[in-house]
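Have a look at the structure below before the remarks.
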Amino acid sequence: MDLTPRTSSDNAPLAPRTKAKKKWRYVAMLVVVVSAGGFIVSQFLTSAIDFYCNVDEIGSRVGCEEDRRLRVQGNVVEGSISESANKTTFSLVFNNKTIDVIYDGDPGGIFQECIPVVAHGRLQGDTFEANRIEVRHSNEYEAANADRISESEVAPCSQQVG
Amino acid sequence: MTTTELPAIKGVGTQATRLYGVLALIALGWVLVGGLFFTPEDVVQGDAVRIMYVHVPTAWTAYLAFIVTGVASACWLLGKKHSMGFDRVAGASAEVGVAFMALTLISGSLWGRITWGTFWVWDPRLTTTAFLFVTYLGYLAVRGLGGSPHQRARRSSVVALLAVLEIPLVHFSVVLWRSLHQEASVLSPDGDIKMDGIMLFTLLFGVFGFSVLFAWLVSHRQRIMAMHDAQRASALEVAMADRLQEASS
């Protein structure tokens, strides 16, 4: 009696070739996943594990040397933002150390005074020339209303040191 | 002529799944309406904060899904009977978890573009989350590699038990390393929830709604898997019965 699997019948079990094809599809998926995992781990080790230097650490912490490309975190100093000729300049403060930043363009996001940002770029003299700005926001969520604006006026943000 | 039939596929709904479905609809209905119309703008982020009502619940539900996968896998490995029900729950939960994790990454990316000014950065939270997502895609690939259901269950259980260890790393990545991503709001390190009342209510309702949706999806999916397993198991018997009938006619 012939008991080889039939492929034409609706009720027949999957033919060996179809099963093998399906298996190889998953093997290919696994190869892609392992490659992606390797790439992510390399990004973690080179970028994520030490994402930024604080303003006060420039030149004093390993990995935050003045002559290399840096990612610098600090709070935008109140009243320091000015825009001219498509350039944005502002100051960053952290632990009472301040640095002037110049950025070519509009930082975007929710960039504003008193907010912590991470600026990517290089130190040129006393000025940090940034070509990328990322805005951090806190884990605090408050409803926008008139009362809270007056509260913020009572406590100026320039007192924040991060 | 074929006379032997495979077991007919019946519906996979039960009273419990219908209850889950209704609860999920009500909760997610509130998240949609409340999140868009009743909750206020954030003082810093403006309307962008509304993405939080989807982003945070989907992240938590993905964690829940992967924990369920881990627990079900442990139950399969440690149980004397090696009940395949545990394996199916583990697989179904991982599939739903991967879908929720994808939603988390997409919604987070959109939120990041509006607030941070960029869709993606290789910071600790985003990098570990991407790794978690890829790990569970790998888990699903391992499940599909073939072999008997017991072989599938054994190897995928081991992967699930290793993969679940990544969850604390992802959650605490914002505390362990310097991250662009903010710290947790509800489970904040200092235990103080700094969130407006109706925002928090809508967020927690979202967590509840997505959790019930997860229960609804997993209940259905694992029942479908059970039917496929039963169909595969009976397919050979059906084929042999057919041939025997052909030979005797």
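Residue numbering restarts at 1 for every chain, and letters A, B, ... go by the order of the sequence lines. Because the structure is a prediction, the values reported are computed rather than measured.
- Contact count versus chain A (heavy atoms, under 4.5 Å) is highest, among B:Thr39, B:Ile198, B:Thr135, B:Val134, for B:Val134.
- Using a 4.5 Å cut-off between heavy atoms, A:Gln112 contacts chain B through its side chain alone, with no backbone atom that close.
- Interface residue B:Met195: backbone and side-chain heavy atoms are both found under 4.5 Å from chain A.
- For the set A:Ile133, A:Thr46, A:Asn54, A:Val34, the count of heavy-atom pairs under 4.5 angstrom toward chain B peaks at A:Asn54.
- Relative orientation of the B:Trp60 and B:Tyr63 rings is perpendicular, given thresholds of 30° and 60° on the angle between their planes.
- Comparing B:Glu41, B:Arg178, B:Gln182 by heavy-atom pairs within less than 4.5 Å of chain A, the highest count is held by B:Arg178.
- Per-residue heavy-atom pair counts under 4.5 Å with chain B were compared for A:Phe39, A:Phe44, A:Tyr52, A:Phe111, and the maximum is reached by A:Tyr52.
- When side chains are defined from C-beta on, A:Glu113 does not count as touching A:Val77, because their heavy atoms never get closer than 4.5 Å.
- Residue B:Thr118 touches chain A through its side chain alone, counting heavy-atom pairs closer than 4.5 Å.
- Heavy atoms closer than 4.5 Å to chain A are found in the backbone of B:Ser179, but not in its side chain.
- When all heavy atoms of A:Cys53 and A:Leu70 are compared, the pair lying nearest together is SG-CD2, 4.2 Å.
- Looking at B:Leu145, the atoms closer than 4.5 Å to chain A (heavy atoms on both sides) sit in the backbone and in the side chain alike.
- Side-chain atoms of B:Thr69 and B:Val164, non-hydrogen and from C-beta on, never get closer than 4.5 Å to each other.
- In this structure, no portion of A:Arg71 lies under 4.5 Å from any heavy atom of chain B.
- Aromatic rings from B:Trp111 and B:His181 are positioned such that their centres are separated by 6.0 Å or more.
- In this structure, the side chains of B:Arg143 and B:Asp87 come closer than 4.5 Å at one or more pairs of heavy atoms.
- By the 30° and 60° cut-offs, the orientation of the rings of B:Trp30 relative to B:Phe38 is parallel.
- Between A:Tyr141 and A:His137, the ring planes are perpendicular. Angles over 60° get that label, and only those under 30° would be called parallel.
- Using a 4.5 Å cut-off between heavy atoms, B:Val44 contacts chain A through both its backbone and its side chain.
- Side chains of A:Arg136 and A:Gln73: a donor on one and an acceptor on the other come within 3.5 Å.
- Most heavy-atom pairs under 4.5 Å with chain A: of the set B:Val174, B:Ile114, B:Thr115, B:Val186, this distinction falls to B:Thr115.
- If you measure heavy-atom distances from A:Val27 to chain B, the contacts under 4.5 Å come from both the backbone and the side chain.
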